[in-house]
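Proteins come first, then strands; the chains are lettered A, B, ... in the order of their sequence lines, and each starts at number 1. Remember, predicted model here, so these are calculated numbers, not experimental data.
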There are 2 protein chains.
Amino acid sequence: MSGAPVRVVLADDERMVRTALRVILDAEEGIEVVGEATTGAEAVSVVRELRPDVVLMDVRMPEIDGIRATEQILATLEDPPRVVVVTTFENDAYVYDALHAGAAGFLLKRAAAEELVQAVRLVACGDSLLYPAAVRTLAAEHAARQPARAPAWVARLTDREADVLRLMAAGLTNAEIAGRLSVGPATAKTHVAAVLAKTGARDRTQAVIAAYESGFITPG
Amino acid sequence: MSGAPVRVVLADDERMVRTALRVILDAEEGIEVVGEATTGAEAVSVVRELRPDVVLMDVRMPEIDGIRATEQILATLEDPPRVVVVTTFENDAYVYDALHAGAAGFLLKRAAAEELVQAVRLVACGDSLLYPAAVRTLAAEHAARQPARAPAWVARLTDREADVLRLMAAGLTNAEIAGRLSVGPATAKTHVAAVLAKTGARDRTQAVIAAYESGFITPG
DNA sequence: CGGGTTCTCCCCCGCGCGGCGGAGGCGGAT
DNA sequence: ATCCGCCTCCGCCGCGCGGGGGAGAACCCG
């Protein structure tokens, strides 16, 4: 815990921001700012060279944005540093992207100095962290991932047609669907035809796509 | 900030836990435990009556679990309190459920006393919060939505075959794929056949299903 | 009672699809 | 210089699929 200091690299295109971060972090014991970068591309090469423990990565940067830079760092380096994505606005959609890219944390620039320091220490210990307000964004996205996206046609499906669509989305042929539902092949075809009509699909493949895209069935 | 104290209700079926929480929180200035509940149903009625600012809600409780109780509280009360879901194990799938139910935070019972206090203060201010380890769960779920679950066959696809699979998953016929890629129909068929072979699919529909299930393409 | 909906089943037809084998060119690796 | 992987294309064949009809039985609801 109190061994070697945490080595930090700052990536931000604005000098003032870098300076502010450096001042805050350098004042802390056990934290050492070892490098800076002003573009995403530079961030990747600086990190590759200096091998810091933590990277504070701005989102909006020239050449390569912080999200892509994060992806590249995590994809190309072995034993990569922990990346904390930093941005200005909390309503940024970047929260999701940052986590998706493998970021260990997400901070707003308006965060207090103590929050920043705590963030660096936390991720250096292997923990993850999100700026509280960002959690709301994430939670909201999570919650929103369920409703809304159910097109009208889903409700118009009869029970039987819904069964058939599920089996179609399981990759079954008409004959197999008939067998699974214990009905004649002709009946299965009729239901499939009805599903195609209601989904507006040209063939069973498009129907399955519609089933996925509408959330009627979900991967995993 | 330092006006009226934060009024807290504790909902947990274990007396020891309630006592522990009460001792910790009552020792803090500006925080007042105004009520307790031992079941989910009781939690709902107690909250309805006492109108606290914050509810510490256990997950596992008799009658109604904490998740459903949270849902009911947030759905039926106007100007509802902020609910922090508390549980014992961090590998609980409840993190997701809790956020989905509208919880403002997620804490583990092993959290330090200071974390607990900070959590109450934070959510009382309107911020959200997650126990750091819980963030990992959430972030991992988010991140896991892409990598890992990429079966071996994804990597074995050639660039061209990946293009073709994407178009297949867009619902195009062989002829349309050929047109889109500016190649002959025979070539498109060859690539499709290769995709079917590598995905282990019997027909294009199963290939598209594999594409979704593997995360090769994502809904939305 | 009649009308609507749903589920069931049948016919024929055309065609896209998938399986089969073969072939030539082109670039990188050995 | 040789092999191998990838992309490109060609034929043939069988079959499942989708489109077009029609039809009977059960059910609910007004």
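Atom CD of A:Gln206 and atom P of C:dC17 are 11 Å apart (whole Å). For B:Arg202 and C:dG19, the CZ to P distance is 10 Å, given to the nearest whole Å. In this entry the distance linking CD of A:Glu176 with C1' of D:dC17 reads 13 Å, nearest Å. In this structure, CG of B:Leu172 is placed 10 Å from P of C:dC17, rounded to the nearest angstrom. Rounded to whole Å, the distance from CD on B:Glu161 to C1' on D:dG5 is 11 Å. Atom CG of A:Leu181 and atom C1' of C:dC9 are 15 Å apart (whole Å). Nucleotide D:dC7 holds its C1' atom 16 Å from the CD1 atom of B:Ile177, rounded to whole Å.
If you check D:dG18, D:dG16, C:dG16 against the side chain of A:Arg204, the one that comes closest is D:dG18. Proximity note for B:Asn174 (side chain, C-beta onward) versus D:dC7, C:dC17, C:dC7: the nearest is C:dC17. Checking C:dT6, C:dT8, D:dC7 against the side-chain heavy atoms of B:Asp159 singles out D:dC7 as nearest. Nearest nucleotide to the A:Leu196 side chain, out of D:dG18, C:dC9, D:dC9: D:dG18. Here C:dC10 is the nucleotide among C:dC10, C:dG18, D:dC10 with the atom lying nearest to any side-chain atom of A:Ala186.
Of the residues listed (B:Ile73, B:Val54, B:Val123), the one engaging B:Pro81 in a side chain to side chain contact (heavy atoms under 4.5 Å, CB included) is B:Ile73, and it is the only one.
Under a 4.0 Å N-O distance rule, the pair A:Arg22/A:Glu32 does not qualify as a salt bridge. Look at A:Arg156 and A:Glu161 and you find no salt bridge, because none of the NZ, NE, NH1 or NH2 atoms lies under 4.0 Å from a carboxylate O.
Put simply, the side chain of B:Thr190 and the base of D:dC9 share a donor and an acceptor less than 3.5 Å apart.
Within the 4.0 Å cut-off from OP1 or OP2 of C:dC7, at least one side-chain nitrogen or oxygen of A:Thr158 is found. Applying the 4.0 Å criterion to OP1 and OP2 of C:dT8, one finds that A:Arg160 has a side-chain N or O inside that range.
Both B:Lys189 and B:Val183 lie near DNA chain D, and the one whose nearest nucleotide falls closer to the 5' end is B:Val183. For B:Thr187 and A:Asp203, each mapped to the nucleotide of DNA chain D holding its nearest heavy atom, the one lying further toward the 5' end belongs to B:Thr187.
Of the N and O atoms on the side chains of B:Gln72 and B:Thr76, not one donor lies less than 3.5 Å from an acceptor on the other residue.
Two residues are said to be in side-chain contact when any heavy atoms from C-beta on lie closer than 4.5 Å; A:Val6 and A:Val8 meet this criterion.
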